[in-house]
Amino acid sequence: MAKLLYKLGMGTYRRRLPVVLIWLLVLIGTGVGAFTLGGETSNSMSIPGQESTTALERIQEKFGSGETASARVVVQAPDGQKLPQHIKAITDLVADESALKGVRSATNPLDPAAPSVNADVNVGYSTVTYDVKPGEVTDEQRAELTKAVDKARAAGLTVEVTGTAMQETPHVGGPTEAIGVVLALVVLALTYGSLVTAGMNLLSAGIGVGIGTLGITIVSGFMDLQSTTPILASMLGLAVGIDYALFIINRYRQELRRGSDVGHAVATAVGTAGSAVVTAGLTVVIALVGLAIAGIPFLTQMGVSAAATIVVSVLIAITLVPAVLSLLGRRVLTRKERAAAASEPKDRGVIRAWGGAITRNRVLALLLSVVALGIVAIPVASMDTTLIQKPPAGSTQERADQILAKGFGEGFNGPIIVLFEGEGAGATATEASKPIAKLSDVALVTPAQPSQDGKSALVTVIPKSGPDTVETEKLVADLRAELSGVEGGKAYVTGATAVSVDVATSLDKALPIYLAVVVGLALVLLVLVFRSLLVPLVGVLGFLLTIGASLGATVAVFQWGWLAGAVNLDSTGPLISLTPILVIGILFGLAMDYQIFLVSRMHEAHHRGAKPIEAITTGFRQAAPVVVAAALIMFSVFAGFVPAGEATVKSIAFALAVGIFVDAFVVRMVLVPAALALLGERAWWLPKSLRWLPELDVEGTALDETEKKDKLEPVSVG
């Protein structure tokens, strides 16, 4: 691999201007494509083939509902009054709603034919149905609805709005994300001692993220994508894009300081650091694409989209970055470095002392790191997950839900829908409603609503408990058990809670398989890289501690509420169901990145004859500074998505930020060196039966041997 990438680097150096122009054209092309072909993303999460999803599809087919965005405008009378006392204000509100742009219909809560008021007649709601899908209601339409609501408030009513029409599509690029990027720029500037080089590093990563997210926007015009997909791709793409460019630039600067000319330095950087980048990127891609194992389409979309962005980041790191370095030449060095004679970079005192302390006190370092991470991981045992997202604290959606829960009961915000199919479905539904009403946690069962052909019927079950409670989830299971033997047809249980239960069940089944496949493939890759069995094993075991600490801290903050104010957390509750598998997949790839970048320099030193402890300290001195910078950058990027992050992304970004910090500074820079020091020469052992395996050579050993051969060959004179 090193020789191939060396040739690529040399070719990029010779054709630097065309390479830069090609990437700019790709960026412009994807921008034009996104503007002309792009579509909207959605907030829906379901699994084809699951009972809850099948029911929703059949309900849409038979009853024609569920595909359009809607708003529930909740009205509450002043204390001691009833809604009929405000009939004019309510009638005017409904009329204003009906006249809004894009509104198909608006119901009146006081309609005698279909009233939607509570038993005390002091709380009711109007359902406003739009003619577009959820996620496609514009900001302008939401603003118009807010004006109509404000008018009703002026008449003395308490009016709040909830529903899918009020859900805004999350966007990338808020102020907190910008702070994360600024922090990354500061770390880069301190690492390089040059603002120009730091800016180039950040710009190249930005181009990769731009191409990746614009490409996702183009795809959204042809298929439905989950709204979190572009955010996840941009977050990952920016983090790894900065890091991968950092590794290439750092090696290029090292070669220049050693006296190499620009062309050779570029080619060597791509052949050595580029090999590690390609291998690390492949590991991340394996972890992300492996999410398809879960068999959940929206999760597969997230994984594949993020993986595609990673591929773009790798390609930019080994082509665009070297091309720009070729144009900058020696200006990537500080003036002092350019004026100095060629020499090896000096060891950094702190890093040298750190590495020495770890290897000397390896038993203590290993025990302390394992115990500390084990303690942080304890909350994982209490982790709960759900797909049901609470509205932002203080929002009109939260206030609307609170009024409905107070007026109609906690379960009103999470109704369970039962679909009956078969001849005489209406009669079957009516008969089945009697035992359903006797189940624990059932507050109300509505009369059966038959379809026009009489072969389907709907029954709505209102739980006593809220939609994200254990009691309501148990009710879903009880309903399915009760209706499993319904006579004369078939019954399906659906609704937000049922969908959440089905997704959680699928994820629980898929997670062990996913771990086995992804970890297995990554182990094989690491064996090829390090020509060792124990080094990859240590790396993977360290990753398990990283995952435990990451998810443990996330549970403590987002579920228990510890330090909730520090992350601007609106409310506590179960984690989003996607959090564990996404965090495991992403962190595994990134953790293996640090394993490759750090341990490959140790392996390189050992391959050149250094004894085990010397190889560890030498590799640590060479790689630790850039790993520290890379980890700080990635931590800053992920942390930037936490304070004002979209609900789904907030906990994922927090878990990734904690995971990166723990993995880089505890696992890779304490636990792994300590474990390798304990293993000694055995760390690099590979059985004879496996020595036929191909060698990836990410350290560029083949390049060194080629240089030596060229120096030894006699030069012909005339």
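One-based numbering along the sequence shown. Heavy atoms only: backbone and side chains are in, while hydrogens, waters and symmetry mates are out.
Every pair passing ring pair (Phe, Tyr, Trp, His ring centres under 6.0 Å) that includes a residue from residues 228-248 is listed here, sequence neighbours excluded: F247-F597.
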For this session: Step by step, work out the side-chain contact (heavy atoms from CB on, under 4.5 Å) result for V266 and V262.
Result: CA-CA 6 Å; V266 166; V262 172; 4.3 Å; yes
For this session: Show your working on side-chain contact (heavy atoms from CB on, under 4.5 Å) between L511 and I584 and close with a plain yes or no.
Result: CA-CA 9 Å; L511 190 55; I584 288 172; 3.9 Å; yes
Problem set entry | V535/V529 under side-chain contact (heavy atoms from CB on, under 4.5 Å): CA gap, chis, key distance, verdict | CA-CA 10 Å; V535 170; V529 170; over 6 Å; no
For this session: List the steps, then state whether side-chain contact (heavy atoms from CB on, under 4.5 Å) holds for V626 with T191.
Result: CA-CA 8 Å; V626 72; T191 301; 5.8 Å; no
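Among all heavy-atom pairs drawn from P673 and M602, the shortest one is CG-CE, 4.4 Å. Contact record, A631 with A664: CB-CB, 3.3 Å, taken as the closest heavy-atom pair. Between G212 and T309, the shortest heavy-atom contact is CA-OG1, 3.9 Å. The heavy-atom pair separating A292 from T300 by the smallest distance is CA-OG1, 3.4 Å. Smallest separation of non-hydrogen atoms from T334 and G193: CG2-O, 3.4 Å. The shortest heavy-atom contact between I633 and L188 is CD1-CD2, 3.4 Å.
Taking the side chain as every heavy atom from C-beta outward, L288 and V304 never approach each other to under 4.5 Å. Looking only at side-chain heavy atoms (C-beta outward), T12 and V270 stay at 4.5 Å or farther from each other. Put simply, the side chain of D663 does not reach to within 4.5 Å of the side chain of L587, judged on heavy atoms. Looking at F543 and V667, their side chains never come closer than 4.5 Å, going by heavy atoms from C-beta outward. By the 4.5 Å heavy-atom criterion applied to side chains, L582 and L299 are counted as neighbours. Using a 4.5 Å heavy-atom threshold, the side chains of S550 and F654 count as separate. Two residues are said to be in side-chain contact when any heavy atoms from C-beta on lie closer than 4.5 Å; F665 and V670 fail this criterion. Residues V666 and L545 have side chains not in contact (no heavy-atom distance under 4.5 Å, counting atoms from C-beta outward).
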Which atom pairs, donor and acceptor, lie under 3.5 Å between side-chain atoms of residues 322-333 and protein residues at least two apart or in another chain?
residue	atom	partner	partner atom	Å
S326	OG	P322	O	2.8
R331	NE	L328	O	3.0
R331	NH2	L327	O	2.8

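Taking CD1 of I652 as the start and CD1 of I581 as the end, the distance is 11.5 Å to the nearest 0.5 Å. Here the straight-line distance linking atom CG of L676 with atom CG of L671 works out to 9.5 Å at 0.5 Å rounding. If you take CD1 on I596 and CZ on R601, they are separated by 14.0 Å, rounding to the nearest 0.5 Å. To the nearest 0.5 Å, atoms CD1 (I660) and CD1 (I586) are separated by 9.5 Å. Separating the CD atom in Q622 from the CG atom in L598 is a distance of 10.5 Å, to the nearest 0.5 Å. Atoms CD and CG, on Q595 and L590 in that order, are 13.5 Å from each other to the nearest 0.5 Å.
Panel note: side chain T283, backbone T279; a donor-acceptor pair is recorded below 3.5 Å. Although no hydrogens or angles enter the test, the distance criterion places no donor-acceptor pair under 3.5 Å between the side chain of S305 and the main chain of M302. Remark: the backbone N or O of I616 is not paired with any side-chain donor or acceptor of R621 at under 3.5 angstrom. Side-chain atoms of R14 never come within 3.5 Å of backbone atoms of G11 as a donor-acceptor pair (strictly under, hydrogens ignored). For T617 (side chain) and E614 (main-chain N/O), a donor-acceptor pair under 3.5 Å exists by modelled atom type. No donor-acceptor pair closer than 3.5 Å links the side chain of S260 to the backbone N or O of L256. Of the possible polar contacts, one joining the S275 side chain to the G271 backbone as a donor-acceptor pair under 3.5 Å is found. For K7 (side chain) and A267 (main-chain N/O), no donor-acceptor pair under 3.5 Å exists by modelled atom type. Judged purely by atom type and a 3.5 angstrom limit, T618 has no side-chain atom pairing as donor or acceptor with the backbone of A615. The backbone N or O of M669 lies less than 3.5 Å from no partner atom in the side chain of Y594, so there is not a single donor-acceptor pair.
Here W684 pairs with H603, H606 under the ring-ring contact (aromatic ring centres under 6.0 Å, His included) rule; sequence neighbours left out. Applying the side-chain hydrogen bond (donor to acceptor under 3.5 Å, both in side chains) test to Y252 and every residue at least two apart in sequence or in another chain returns nothing. Take T319 and apply the side-chain hydrogen bond (donor to acceptor under 3.5 Å, both in side chains) test, not counting sequence neighbours, and it matches W23. For the side-chain hydrogen bond (donor to acceptor under 3.5 Å, both in side chains) test, residues two or more places apart in sequence or in another chain that qualify with N201 are Y192.
Exactly one residue among V240, L238, L214 makes a side chain to side chain contact (heavy atoms under 4.5 Å, CB included) with V209. That residue is L238.
Heavy-atom neighbours of F661 CZ from other residues, nucleotides or ligands within 6.0 Å: at or below the threshold of 12.
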